[in-house]
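As structure tokens, the structure follows; a few thoughts come after it.
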2 protein chains.
Amino acid sequence: MERREKIPKATITRLSLYYRHLELLEFDGYRTVASEKLAWLCQVNPAQVRKDLGYFGEFGIRGVGYDVRELQREIKKILAVNREWRMGIAGIGNLGTALLKNQNFKARGFRFVAAFDTDPEKIGNQLSSGLVIRDIRDLKELVKQYRIDIGVISTPYSGAQETANMFFDAKVAAILNFSPAQLQAPDHCIIENIDFTVKLDILTYKLKNEIAI
Amino acid sequence: MERREKIPKATITRLSLYYRHLELLEFDGYRTVASEKLAWLCQVNPAQVRKDLGYFGEFGIRGVGYDVRELQREIKKILAVNREWRMGIAGIGNLGTALLKNQNFKARGFRFVAAFDTDPEKIGNQLSSGLVIRDIRDLKELVKQYRIDIGVISTPYSGAQETANMFFDAKVAAILNFSPAQLQAPDHCIIENIDFTVKLDILTYKLKNEIAI
DNA sequence: CATTGTGAACTCATTCACAGCG
DNA sequence: CGCTGTGAATGAGTTCACAATG
């Protein structure tokens with residue numbers, strides 16, 4: 001059981017994928033699954049599955065495979081999704097509203113507990129979820145009050161860094177950034193970016209090349 | 001000028017990033033920029049910038065750096081974003097609506113030319129952009145008619161594969177998938193996934209570890 | 001003479017191949 | 001016997017270091 005080996009980021013991404021497929025396997029009535037099958041489902045190499053899991057422990061039974069439910073539990077522990085995470089979202093435009101209504105977050109224990117905006121027209125409005133949009137100037141105070149773990153940024157480009165700074169100031173430990181801005185962050189804050197246009201650029205690059213060649 | 005060397009996917013992602021920062025640099029009045037500065041802005045290594053660009057040609061001037069506007073043009077050519085791309089979106093829920101209204105796409109030449117849904121309540125409704133929501137059963141025909149290059153999937157998990165199959169059938173060359181489903185795709189179609197919960201899982205994993213250690 | 005462009009060195013990630021074990 | 005777990009081999013991507021040059 002090797003700990004503190006350096007773990008590739010791609011491993012974490014795949015773990016998330018394995019987890020999702022294990023849910024489906026369980027739903028389909030499987031009790032156990034071999035690395036070969038799980039790998040096939042996730043479109044990766046079987047050795048990759050075993051190596052990924054091997055970073056964190058020995059979860060399999062030789063000659064049999066992995067117990068579907070137990071492996072789910074283990075991956076949840078590894079990813080730290082075996083608990084509720086409290087999120088605050090800043091920027092309640094179209095995207096922000098869509099994120100607030102997104103069922104996938106809730107289903108996985110990611111819960112929006114506060115919503116912020118700068119627009120006086122929006123502040124005070126009640127969302128369908130019951131949340132009331134708060135003034136972003138109260139962000140710091142409310143992060144504490146609502147014990148927010150994760151800040152979500154869905155502002156336009158222009159407001160993103162400023163919003164991030166408020167989250168940093170409030171000592172939020174992690175940010176999920178949906179704006180195309182590249183945020184300058186202090187060491188104590190972890191950032192993940194979800195950048196739509198970068199993905200589209202990758203797509204068009206591939207289109208140009210895969211098709212031309 | 002090395003062509004047909006294998007180019008890392010990460011290089012393409014960074015190219016997209018370089019481009020965005022070059023826009024900002026131009027806006028700030030810069031005529032040239034050295035790899036060191038561009039690298040610093042993008043939070044990468046200067047040699048990385050030069051290597052990335054080196055895959056596609058020699059765009060710099062030794063002793064000076066890169067011409068900001070010319071490099072923009074070159075990267076646009078490389079990424080094939082020096083043209084308009086026509087997109088069709090399937091699944092006009094909260095997320096789909098937000099994507100349709102997203103200004104970042106339009107600003108970069110990615111244009112929604114059709115919107116599809118299965119819900120009879122929605123079909124026929126006109127969106128603020130002027131687009132009318134069409135029945136997804138007409139997808140194949142309309143992909144041709146509107147010369148759609150890229151399919152965007154913003155359906156829930158359940159409908160995603162079926163929707164993708166329709167795009168495949170209509171011979172769309174690329175798909176941007178916002179659903180958490182892992183799509184099975186034929187060879188002729190390129191897929192990029194934007195998966196919110198995977199990103200959150202990465203975040204919580206990091207939170208658990210960076211903080212614990 | 002500052003900065004690019006690039007082979008070589010290095011670091012990180014994936015896959016192989018097989019010993020170990022239920 | 002079948003499948004895991006893992007060290008060793010391979011492959012990919014990044015960084016170094018410096019020769020080339022406008």
Side-chain angles (χ1 to χ4, degrees), chain A residues 1-18 22 25 30-72 74-75 78 202 205-206 209, chain B residues 1-18 22 25 30-72 74-75 78 202 205-206 209:
Chain A
M1 203 185 280
E2 268 310 300
R3 289 288 145 80
R4 281 316 93 205
E5 210 173 322
K6 227 211 89 315
I7 293 154
K9 175 162 174 180
T11 289
I12 307 306
T13 305
R14 284 189 298 267
L15 246 25
S16 179
L17 214 62
Y18 301 157
L22 287 166
L25 284 165
Y30 287 87
R31 313 290 305 226
T32 64
V33 64
S35 61
E36 179 140 19
K37 172 148 194 163
L38 187 54
W40 183 85
L41 290 169
C42 299
Q43 302 170 31
V44 301
N45 181 299
Q48 184 78 80
V49 172
R50 299 198 297 275
K51 178 72 85 179
D52 284 340
L53 297 172
Y55 288 122
F56 301 96
E58 304 197 3
F59 307 124
I61 304 150
R62 291 166 199 238
V64 179
Y66 301 89
D67 183 280
V68 170
R69 301 190 66 170
E70 192 195 312
L71 192 52
Q72 280 184 69
E74 293 294 345
I75 294 179
I78 295 164
I202 294 171
Y205 169 81
K206 286 188 184 175
N209 293 280
Chain B
M1 202 186 281
E2 270 308 300
R3 289 285 145 82
R4 283 313 94 208
E5 209 173 324
K6 225 210 94 307
I7 292 154
K9 175 162 174 181
T11 289
I12 307 308
T13 305
R14 285 189 296 266
L15 246 26
S16 179
L17 213 62
Y18 301 158
L22 286 166
L25 285 165
Y30 287 88
R31 313 291 306 225
T32 63
V33 64
S35 60
E36 179 140 20
K37 172 149 193 161
L38 187 54
W40 184 85
L41 290 169
C42 299
Q43 301 169 33
V44 301
N45 181 298
Q48 184 78 80
V49 171
R50 300 198 297 274
K51 177 74 82 178
D52 285 339
L53 296 172
Y55 288 122
F56 300 97
E58 304 197 3
F59 306 124
I61 305 150
R62 289 166 199 237
V64 179
Y66 300 89
D67 183 280
V68 170
R69 301 190 67 168
E70 191 196 315
L71 192 52
Q72 279 184 70
E74 294 293 346
I75 294 179
I78 295 166
I202 294 170
Y205 170 81
K206 286 189 184 173
N209 293 281

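Letters A, B, ... mirror the listed sequences (proteins, then strands); counts begin at 1. These numbers were taken from a predicted model, which means no experiment stands behind them.
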All N/O pairs under 3.5 Å across the protein-nucleotides 20-22 of chain C interface:
from, atom 1, to, atom 2, distance (Å)
C:dG20, N2, A:R62, NH1, 3.4
C:dG20, N3, A:R62, NH1, 2.9

Distance, rounded to the nearest Å, where A:E58 contributes CD and D:dT4 contributes C1': 8 Å

Whole-Å distance separating the CD atom of A:E74 from the P atom of D:dG5: 11 Å

Indicate yes or no: at least one non-hydrogen side-chain atom of B:K37 is less than 4.5 angstrom from one of B:L25. yes

I'd like a list of close polar pairs between nucleotides 10-15 of chain D and the protein, N/O only, cut-off under 3.5 Å.
from, atom 1, to, atom 2, distance (Å)
D:dG13, OP2, B:K6, NZ, 3.0
D:dT14, OP1, B:R14, NH1, 2.9
D:dT14, OP2, B:R14, NH2, 2.9
D:dT14, O5', B:Q48, OE1, 3.4
D:dT15, OP2, B:Q48, OE1, 3.4

Do you know which two heavy atoms are closest between A:N45 and A:A39, and how far apart they sit? C-CB, 3.8 Å

To the nearest 0.5 Å, what is the distance between CZ (B:F59) and CG (B:D67)? 12.5 Å

Here the gap from B:D52 atom CG to B:I7 atom CD1, rounded to the nearest 0.5 Å, amounts to 9.5 Å

Is there side-chain contact between B:Y18 and B:I75, with heavy atoms separated by less than 4.5 Å? yes

4.5 Å side-chain heavy-atom contact, A:L22 and A:Y30: no

Short side-chain N/O contact from B:S35 to OP1 or OP2 of C:dT4, under 4.0 Å: yes

For A:Y205, which of B:T11, B:L15, B:I78 qualifies under side chain to side chain contact (heavy atoms under 4.5 Å, CB included)? B:I78

Tell me the interatomic distance from A:Q43, atom CD, to C:dT14, atom C1', rounded to whole angstroms. 17 Å

Distance test, side-chain N/O of B:Y66 to OP1/OP2 of C:dA2, below 4.0 Å: no

Given atom CG of B:L38 and atom C1' of C:dT4, what is their separation to the nearest angstrom? 13 Å

Taken to the nearest whole Å, CG/A:D67 to C1'/D:dT4 is 15 Å

Could you give the CZ-to-P distance, from A:R50 to C:dT14, as a whole number of Å? 15 Å

